[in-house]
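Taking it in order: structure first as structure tokens, then the write-up.
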There are 2 protein chains.
Amino acid sequence: MASLGELERAVMDLLWAGQEAATANTLRDQLARSSAAQGGAGHEGKELAVTTVLTVLSRLEKKGLVERERGTRPHRYQAVSSRADHTAELMHEVLGSAPDREAVLARFIGSVSEGEAATLRKLLGHL
Amino acid sequence: MASLGELERAVMDLLWAGQEAATANTLRDQLARSSAAQGGAGHEGKELAVTTVLTVLSRLEKKGLVERERGTRPHRYQAVSSRADHTAELMHEVLGSAPDREAVLARFIGSVSEGEAATLRKLLGHL
DNA sequence: TTAGAGTTCTACGAAGCGTAGAAAACTGCA
DNA sequence: TGCAGTTTTCTACGCTTCGTAGAACTCTAA
């Protein structure tokens, strides 16, 4: 139950980008604008119905990715965890399902850029 | 197009476990046995139809995870890459979709066991 | 207390997956 | 060379997820 659809991901990207909790309406507008900004190839400036956005938000809430304040009238939605946390958790999930974790890590490290390898060294040093 | 269903994963696990290429029939038998070995809770010893296994294998082939020798009559199937390679690639995929790769790596490293951290240090040294 | 904004309910179509029958292709043997 | 058994392909159905949104319900402000 980890993977996201295209629209779900777009919504999460907006929630992750903005620091404030957002309403469904705000998100719908942002979605229209960001997909319009894509220009020519592929996506066009779609005006989604607000109910569509709300459905997606509910699904994301059920998946535990989004939290909503029910107190305020236009409910406000925000990501439960940062994108970095979420992504890192995903990576652990992928890794976790492997019996040969060390081998996986070896392959993973093997195909990491030099800059990132340096970053990793630094991070590991600080433990 | 990366995620696998339950049966697809079970088949991949068998292909990854065995070093030899396997036929659909062999796999069906192994599936029956391994799910029977699961005992009581959950799965029971399901006898799948061979066509089911073949369908799954075709889908896995289309996804690029499995390769088949068409020359021999009972076609023989094998995993394209090792489980470790595949998993590592998946991790890169997850990481790749993030704009803040370094932050993700930081979180990832932060929640790695001490033993694995040591492994990583060793691996990074060898670059 | 009511109109309008917001939310929930329900639903449909497409795609992915588990499942497998029916039909086609191939092989070895008589 | 033609059949019988084995193997593969074709087709399909039901279930779930996701994009999408109308319809109906629920608030809040005036």
Side-chain angles (χ1 to χ4, degrees), chain A residues 1-15 21-32 34-36 38 42-78 90, chain B residues 1-15 21-32 34-36 38 42-78 90 93 97:
Chain A
M1 229 215 210
S3 79
L4 300 183
E6 194 172 347
L7 180 52
E8 290 175 330
R9 177 155 298 278
V11 168
M12 286 312 297
D13 278 342
L14 288 176
L15 290 179
T23 70
N25 254 289
T26 308
L27 289 169
R28 191 215 47 211
D29 294 346
Q30 289 180 277
L31 284 169
S34 70
S35 67
Q38 221 64 32
H43 268 237
E44 44 269 68
K46 294 263 296 192
E47 271 283 324
L48 290 177
V50 190
T51 51
T52 299
V53 179
L54 280 164
T55 302
V56 167
L57 284 168
S58 292
R59 288 175 182 165
L60 289 171
E61 190 188 22
K62 190 185 310 179
K63 292 186 191 181
L65 290 178
V66 156
E67 216 171 31
R68 88 168 87 184
E69 303 172 29
R70 281 199 140 84
T72 66
R73 187 43 181 177
H75 294 180
R76 302 183 77 76
Y77 301 81
Q78 61 191 327
L90 265 192
Chain B
M1 234 219 207
S3 78
L4 300 183
E6 196 171 344
L7 180 54
E8 288 174 332
R9 177 156 297 278
V11 168
M12 286 312 296
D13 278 342
L14 288 176
L15 291 178
T23 70
N25 255 291
T26 308
L27 289 170
R28 191 215 44 213
D29 294 345
Q30 288 180 275
L31 283 169
S34 70
S35 65
Q38 221 62 35
H43 267 234
E44 44 270 70
K46 295 264 297 191
E47 272 282 325
L48 291 176
V50 191
T51 50
T52 300
V53 179
L54 281 164
T55 302
V56 167
L57 284 167
S58 292
R59 288 176 183 166
L60 288 170
E61 191 188 23
K62 190 185 310 181
K63 292 186 191 182
L65 291 179
V66 157
E67 218 170 30
R68 87 168 86 186
E69 302 171 29
R70 282 199 139 83
T72 67
R73 184 47 179 173
H75 294 179
R76 303 183 77 78
Y77 300 80
Q78 61 190 330
L90 265 193
E93 237 167 73
S97 70

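Only heavy atoms go into these numbers, but all of them, side chains included; no hydrogens, no water, no symmetry mates. Proteins get letters first, then strands, A, B, ... in listed order; numbering begins at 1 in each. Because the structure is a prediction, the values reported are computed rather than measured.
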So which heavy atom on A/Arg76 is nearest to which on A/Ala21, and how close? NH2-O, 3.1 Å

Here the pair of heavy atoms bringing A/Leu15 nearest to A/Ala22 is CD2-CB, 4.3 Å

Tabulate atom names and distances for all N/O pairs under 3.5 angstrom spanning the protein and nucleotides 3-6 of chain C.
unit_1	atom_1	unit_2	atom_2	d
C/dG6	OP2	A/Asn25	ND2	3.2
C/dG6	O3'	A/Arg73	O	3.3

Any heavy-atom pair between the side chains of [Y] and [X] that's under 4.5 Å?
| X | Y | answer |
| --- | --- | --- |
| A/Thr23 | A/Thr72 | no |
| B/Met12 | B/Val66 | yes |
| A/Leu57 | A/Leu27 | yes |
| B/Leu4 | B/Leu65 | yes |
| B/Val56 | B/Leu48 | no |

Atom pair distance, as rounded to whole Å: [atom1] in [X] and [atom2] in [N]:
| X | N | atom1 | atom2 | answer |
| --- | --- | --- | --- | --- |
| A/Glu6 | C/dA14 | CD | P | 17 Å |
| B/Tyr77 | D/dT9 | OH | C1' | 10 Å |
| B/Leu7 | D/dT16 | CG | P | 17 Å |
| B/Leu60 | C/dT19 | CG | P | 13 Å |
| B/Glu8 | C/dA15 | CD | C1' | 13 Å |
| B/Glu61 | C/dC17 | CD | C1' | 17 Å |

OP1 or OP2 of C/dC17 versus the side-chain N and O atoms of B/Lys63: is any pair under 4.0 Å? yes

Distance (rounded to the nearest 0.5 Å) between [X] [atom1] and [Y] [atom2]:
| X | Y | atom1 | atom2 | result |
| --- | --- | --- | --- | --- |
| B/Glu61 | B/His75 | CD | NE2 | 9.5 Å |
| B/Gln30 | B/Arg28 | CD | CZ | 11.0 Å |
| A/Glu67 | A/Leu60 | CD | CG | 13.0 Å |
| A/Thr26 | A/Leu14 | OG1 | CG | 10.5 Å |

Which residues pass the side-chain contact (heavy atoms from CB on, under 4.5 Å) test with B/Thr55, not counting sequence neighbours? B/Arg59

Are there runs of at least three consecutive Watson-Crick or G-U pairs touching DNA chain C, with each pair's two distances under 3.5 angstrom? Give them by first number. C:1-30 with D:1-30

By side chain to side chain donor-acceptor pair (under 3.5 Å), A/Ser58 pairs with (sequence neighbours left out) A/Arg68

Sorted by number, the residues of residues 64-71 of chain B with heavy-atom contact under 4.0 Å to DNA chain D: B/Arg68, B/Arg70

Find every protein N or O atom lying less than 3.5 Å from an N or O atom of nucleotides 20-22 of chain C, and list the pairs.
unit_1	atom_1	unit_2	atom_2	d
C/dA20	OP2	B/Ala49	N	3.2
C/dA20	OP2	B/Thr52	OG1	3.3
C/dA20	N6	B/Thr55	OG1	2.8

